[in-house]
Structures are given as structure tokens and as C-alpha cells.
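Reading through the C-alpha cells given below for one structure.
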There are 2 protein chains.
Amino acid sequence: MAAKESLKQKAYYAIKDKIIRCEYAPGVMLNEEALREELHVSRTPIRDALSRLEQEGLISILPKKGIVVSSLSMNDINLIFEVRLLYEPYALLKYGQKIKDEVIYKFFHTFSSSAHTFSEEEYYALDDAFHVAIVEAIQNPYLLKTYDWIHNQNLRFRVMTGQFVDLRLERTNQEHLRIVTACLKHDWELAAKEMEAHLLASKNATFDLVLDNKNSEMQHGK
Amino acid sequence: MAAKESLKQKAYYAIKDKIIRCEYAPGVMLNEEALREELHVSRTPIRDALSRLEQEGLISILPKKGIVVSSLSMNDINLIFEVRLLYEPYALLKYGQKIKDEVIYKFFHTFSSSAHTFSEEEYYALDDAFHVAIVEAIQNPYLLKTYDWIHNQNLRFRVMTGQFVDLRLERTNQEHLRIVTACLKHDWELAAKEMEAHLLASKNATFDLVLDNKNSEMQHGK
DNA sequence: AGTCAGCGTGTTGTATACAACAAAAACATT
DNA sequence: AATGTTTTTGTTGTATACAACACGCTGACT
């Protein structure tokens, strides 16, 4: 499958994946030599990959010192959700009509009937697919690229904070239903409004989770 | 000044500058060897720079074939102005309050009294400074990075289409004045609306210029 | 003349050796 | 013991040689 993929692409995806899954945790130092040994390639493709990852904000390269995986602060939550709050309602309002009805109906069906049969992990994939499907109705590559970045950062937050609790998952599903229902009626103004409400709730939930996380860390020492 | 700048940064800015000024015109092919000779550095910093420029959408790297400077199509105008129409009114609406009054007053003074003393080139720099000052009130680095990209693309369009005609410059200045006046009153909703109108007018003007350009190209053969 | 195989040239991809610098460690001096 | 200096070590920056591939060209064969 990846036989024709260049080494620099392989290195890029491999390192990116480990950063997103927090195998390389926020704030830790990396160095080219260690990555070289781990991926069994020379420094050149590693450096290509690192250059790209720096552009995307996942790492910082400190000249002659090392590479640090970008940390995640409270403020990053604000930054991520600012972009989402700007893009996602806009996508519905201006491009909702471009989303195929069958796609909308598929999500409606999934959210309304079988939500409880999903594991948390599976529901995450579903949540991602839902939001991405909406945003991709904007076909502007500049906007989509930015969205991809914050999407990655959002994934890191998920891994760091652990999964949602069940209660929030229920609420999330209900909010999704309200958005999808508005979409089915082709009432894009309402859909955008519901999306905004959903994102604000999600933002607060993320804030709480990060705070809880900080607290329990302190209780467990360190 | 640039003594401590790394070669890869020097290469990046040098190539980027030539692309923006259309010394490397849209659609032309480059190769690492020629760039290496032109900049008197080895391929490594060149490749670093190219990787970054590819991220920013200014070039495409075709493996084993060469490097092509991204072309500018009609559709790119839509993409650029979609981002501007999304960001700039948003900046005024949500962050207008963060712009210092003295900055606003400085622009008011400039636009209202001394516009006619500027050359077209100078007025461009002023126009840029004005829009950038507004957008930078959004402090979100993700949004600002996207804006920087489309800003560069916009500059390329300017160079390609030649400067505005005087008539449009007059109109532009009047539109700027309307925006700044609303800002002085701290009426950010009005300011955002005026900005939207200004951008739509500017978009149409750019379209017309590109069309004229295409036509005159055809008249002059090819 | 047409077609296809093989070769040659030009391009980026990859590996690696060396340079430049930063930071820590070791050491001498007081 | 404290301090300033030198050395050592570790890191990325840079240069360069070689590999891999794409594409056009040549030539033989039909």
C-alpha cells in the first residue's frame, strides 16, 4: 500500500500520528537522531517532515537546541473553538445547500436511533465525520487547511483529557440531532444557530475536562 | 542585519519575494539547481525553503519532475475574497474595540486629508497596513496565518494586473473613510457592514482588471 | 512509416560527512 | 567554597555525493 509513498511522507505521517496520539506528549523534547533511529531513515526525510510539522504548529524547532512538541494550554481551547465557531456555522449558512440530502439523512438516522450502540471511541469517529462533512461543504482550500490544523489540535486535547463521560455523550447526541433536523428542513439559519450552541457547550465541556485533569494531576502528586 | 539569519530563512524570503513580485511568474517551472546558483547556497536550505513555500500554496513540488509556481485563476479571486469577507468584518465586529483609538485616528487623518498626495504604490502600502491592522486585532495565530497566505496571493494579483486606475483609487479611499468613520464612532456593526461592501467592490474591481488583462493579452497576440 | 524497447539526460529523493553553535561539564584560580 | 574559563558533548545547519525515477530520444525491428 505505502510502497510508492516517499520516505518523507512516511516520516511525516508517522511523527504526526505519534504527536496526535500523544505518544510524543505536549512539551517533550525530540531530536532528529532519535527519530532517525526509530523510523530507520536518514535525517533528510526526517527534517522534511519536521519542517512541515512546524508549519502546522505541532512542533517548534529551536535552532541548535532541539525540537519541542507544542504544548496545549487553556488558551489553545479558545483559539481552536474560535475557528470552529467562525467556520462551522458559516459552512451551514452559506454552503448547507451543497450537502447531499442522503448524507444528512444518514447522519439523522445514525444519531436518532443507534447512538447507544456505539462505543465512545466509535462515537468520536462519528462526531468527527459529522463536523468534517459540514465544513468540507466549504471548498476553499485555505479555510479547509486551517480547519485541519485545529482539528489535529482538538484530537490531542481529546487524548490528553480522556474520553467524554457518558452524560456529555448523550447531550452531544441530542445537540447533533437538533442540527441535523434543521438541516433536513433546509433551515440553514437555524442549523447554524444550533451548531453555535453545540460548539459553545462542547467548548465548556472541554474546559471542564482540562480543569478536572489538572486537579487530579495535582492530587496524584506533581 | 541579516548576519545571524540562517541560510534557509534567507532562501525562503528571497524566493518568496521573487514569487510575490512575479519575477518567478505564475505557472513557470523552477529547479533547485538554478535556485542554488542564483542564491549561492547549497540545495539543503533551498529545499527547506521550497518545502515551506509549498505549504503556503505558492509552489507545487512535482516529484522527480520539477517545481511549478502556483498559477492564479479567476477562481483564486473567489477563494481569496471569501477568506477576506469572512475574516475582516468578523475582526471589526468582535475585536474592533481592541484597536487603539490613536491608530484609527491616524488612518482617519490619512484617508481624509492627504490621500491625493500618495502615489499608487504608496497608497497600496497604506491599504495593506489598514487591512492588516484590522485583522491583527484577531490575535488567533491560526486565523492570522491563513490571512497571511491569501494576502500574499492578493499581492501577486496586484502585480499581475498592474496598479489600480485612479478612479478606483478614489473610490477605495472613500470606502476606507466610511469604515474608519464607523470605527471612530465605535459602531462596529456598521464598520463591519462597510467593510463587507468595500471588499465586494474591491473583488469586482479585481475581477474586471483580470478580465481586461486577459483581453488585452489576446489583442496583443497570444 | 510505425511501434516498441532501451538508453540518456535531467530532476528530485535520500544518505551522510562536516560545520557552527549552544549548553553543560570539567577545571583552574582565587 | 565560589567563580570565571576552557573543554567537551550534543544538537541542528549546511554541503555534497549518490540513488531513484520520469521523460524524451534514438534506434532497431516489423
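Letters go in sequence order (proteins before strands), and every chain restarts at 1.
- The nucleotide whose nearest atom lies closest to any side-chain atom of Ser42(A) is, among dT12(C), dT16(C), dG13(D), dT16(C).
- Between the Ser51(A) side chain and the Arg47(A) main chain, no donor and acceptor come within less than 3.5 Å of each other.
- Distance, Glu32(A) CD to dG13(D) C1': 9 Å, rounded to whole Å.
- Of the listed nucleotides (dG13(D), dA15(D), dT14(C)), dA15(D) has the atom at the smallest distance from the side chain of Leu7(B).
- In this structure, Met29(B) places its CE atom 8 Å from P of dT12(C), rounding to the nearest Å.
- Contact annotation: Lys64(B) does not reach the phosphate of dG10(C) (side-chain N/O to OP1 or OP2, under 4.0 Å).
- Rounded to whole angstrom, the span from the CD atom of Glu5(B) across to the P atom of dC21(C) amounts to 14 Å.
- Leu50(B) places its CG atom 8 Å from the P atom of dT12(C), with the value rounded to the nearest Å.
- The aromatic rings of Trp149(A) and Tyr142(B) are tilted relative to each other, their planes meeting at an angle between 30° and 60°.
- Residue Pro63(B) places its side chain closer to dG13(C) than to any other of dG13(D), dA15(D), dG13(C).
- Per the geometry, CZ belonging to Arg36(B) stands 15 Å off P belonging to dT14(D), to the nearest Å.
- Residue contacts for Ile46(A): at a heavy-atom cut-off of 4.0 Å it reaches no nucleic acid atom on any strand shown.
- Checking the phosphate oxygens (OP1, OP2) of dT12(C), no side-chain nitrogen or oxygen of Arg43(B) falls inside 4.0 Å.
- Remark: side-chain polar atoms of Ser70(B) are paired, donor with acceptor, to backbone N or O of Gly57(B) under 3.5 angstrom.
- Lys65(B) has no side-chain polar atom (N or O) that falls below the 4.0 Å cut-off from OP1 or OP2 of dA22(D).
- Residue Glu33(B) contributes atom CD, which lies 15 Å from atom C1' of dG13(C) at whole-angstrom precision.
- Protein atom CG of Asp48(A) is 11 Å distant from nucleotide atom C1' of dT12(C), rounded to whole Å.
- Close to dT14(D), at under 4.0 Å from its OP1 or OP2, lies no side-chain N or O of Thr44(B).
- Of the residues near DNA chain D, His40(B) and Asn31(A), the one whose nearest nucleotide (by heavy atom distance) lies more toward the 5' end is Asn31(A).
- Considering only heavy atoms from C-beta on, Cys183(B) stays 4.5 Å or farther from Phe107(B) through its side chain.
- Here the P atom of nucleotide dG13(C) and the CD atom of Glu54(B) are 9 Å apart, to the nearest Å.
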Is there a side-chain hydrogen bond (donor to acceptor under 3.5 Å, both in side chains) between Tyr12(B) and Glu56(B) once you walk through the steps? CA-CA 11 Å; Tyr12(B) 167 73; Glu56(B) 300 180 11; 2.7 Å; yes
